[in-house]
Amino acid sequence: MSGLLHQMTEKAQAMNIPLGVQLDLTYRCNERCVHCYLDHENHGEMTTAEIKHLLDEMADAGVFILSLSGGEIFLRKDFFEILEYARIERQFCVKLKTNAIMIRESEAARLREIGVESIQISIYSHRAEVHDGITLVAGSLKRSLDAARFLKSQGLRVIFANVLMAQNLEDYQGVRALAAEMGVESTLDPTITPMMDGDRSVLRLGVNQATLRQFFRDEASIGNVDEPCAIVSPADESTLSALPCSAGHTSCYVSPYGDVFPCVQFPLATGNVRKQRFLDIWQHSDRMNEVRSIRLKDLPTCSSCTHVGSCTRCPGLAFMEGNMRGPSSEDCAKSFARTGIPSANMLAKQRSVVNLVQIQIPQTASAARPSRALA
Amino acid sequence: MTNLYVARNPRVAARSLDGEMMIMSGRDSTLFTLNKTATLLWQAADGATPLDQIIEQRICTEYEVDAGEALRDAESLARDLASHGILQISEEPIVRGESK
């Protein structure tokens, strides 16, 4: 984050302004990524008019950075109408998240004309057999890369977003090299998100601890390994008073059905814009305010953890594990992989699964007396 | 002095935060912030009102400043913002579709 944006974010937080919102326009998708957390159905998406009304409310509430995502955003026939309204009429800074397979020359030219801050494209491998094996759509890598070239030729900022999984763990350096060759940026995230209905079976697609450890020690992947792998000093009061993340503080998420959540990865429904004003939900929802009230010192397990000051703990993932104030096991695994030191949560779990010592009481007369060992 | 007309570039992203504009250039995504005085100028930059009128009606009514000095500062600011693609400046009125 740039210094100026950081300053603006701090100001927005102090004024309780939702500076950034992710709005999913649809959950429908033309790919079937094996790790996706969505159901791909249409349960009653907001209409064009409803979305424009929401954009009005969000602009008036102070939202500046608008991420349009899905599902696949280009599946909405009114996508360009919505984008043009957001950009030209309401002057949002718009970021797009897409698989890009519906973007050809004409769409790229139109995006340039309307103006977007960036287009993030999901690329899971530089090899078609691996990428297409994840999206389950033959030819999808070629189409996504063609789109990236069309967008680059229009001078637009393109970012490849990759998710590290067992299925593509050999390929992240290939994706990075491909991005460099094409002059685009790239990101890599080892986090797999549970399904919206709470089903955690997709987590099996993630990489194991040994691979995570190797990943965090790979300078080609994360740059300087010293900082993330450093063992941090004990947390002070200032660290413990910090916010867990921006969810509910300067950012939130709105689903295609108008439900407002603290974050796309934090499925705690706080209201619906079809029934309430966006700003009323943001300011007055009890649930949003509960999320907003939590500081690191309020986390019963994590506040005493060695990693509390450096952990990437996601409150949404913790919520999906059953407690928004609890640990997020995926992030515990990352902290352990970075430093080799188990988290407080991991230690507690180890303690709870230690077998009790079995005491064999001899079958003699003494069996009639209480064992001293058990007394 | 030649009258200068200024118009907001509709390609930028802009939002007011506590009376100050955050503006992201459509050209290269550089983020700018305008202080409260510059924000008044930005908000009044409709392409139809000459800069000296904007100064007289929007700046001099809000702040105790010399109109000539304020106009010189405003011209300098307008040219700087134009160099970043945030404002359009012209010696003729700038006619285009107005955005909110």
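Residue numbers start from 1 in every chain, and the chains themselves are labelled A, B, ... in the order their sequence lines are given, proteins ahead of strands.
Put simply, of A:Glu117, A:Arg157, A:Glu113, the one with the most heavy-atom pairs under 4.5 Å next to chain B is A:Glu117. With chain B as the partner, the residue from A:Ala59, A:Ser118, A:Gly155 showing the most heavy-atom pairs under 4.5 Å is A:Ala59.
With a threshold of 4.5 angstrom between heavy atoms, B:Thr33 approaches chain A through its backbone and through its side chain. Contact annotation for A:Met15: only side-chain heavy atoms (C-beta onward) come within less than 4.5 Å of a heavy atom of chain B. In this structure, chain B has no heavy atom under 4.5 Å from any part of A:Ala86. For chain B, the nearby part of A:Leu19 is the side chain; its heavy atoms alone come within less than 4.5 Å. Only the backbone of A:Val63 comes within less than 4.5 Å of a heavy atom of chain B; no side-chain atom from C-beta onward does. Contacts of A:Ile17 with chain B are made by side-chain atoms alone, with heavy-atom separations under 4.5 Å and no backbone atom involved.
In this structure, A:Met8 CE and B:Leu17 CG are separated by 6.0 Å, a value rounded to the nearest 0.5 Å. Atoms CD and CE, on A:Gln91 and B:Met22 in that order, are 11.5 Å from each other to the nearest 0.5 Å. In this structure, the separation between CZ on B:Arg15 and CZ on A:Arg90 is 6.5 Å, given to the nearest 0.5 Å.
The neighbour count for A:His53 NE2, taken as heavy atoms of other residues, nucleotides or ligands under 6.0 Å away, does not exceed 12.
Counting heavy atoms from C-beta outward, A:Phe64 and B:Leu31 have side chains that approach closer than 4.5 Å.
Of all heavy-atom pairs spanning B:Met24 and A:Cys93, the tightest one is SD-SG, 3.3 Å.
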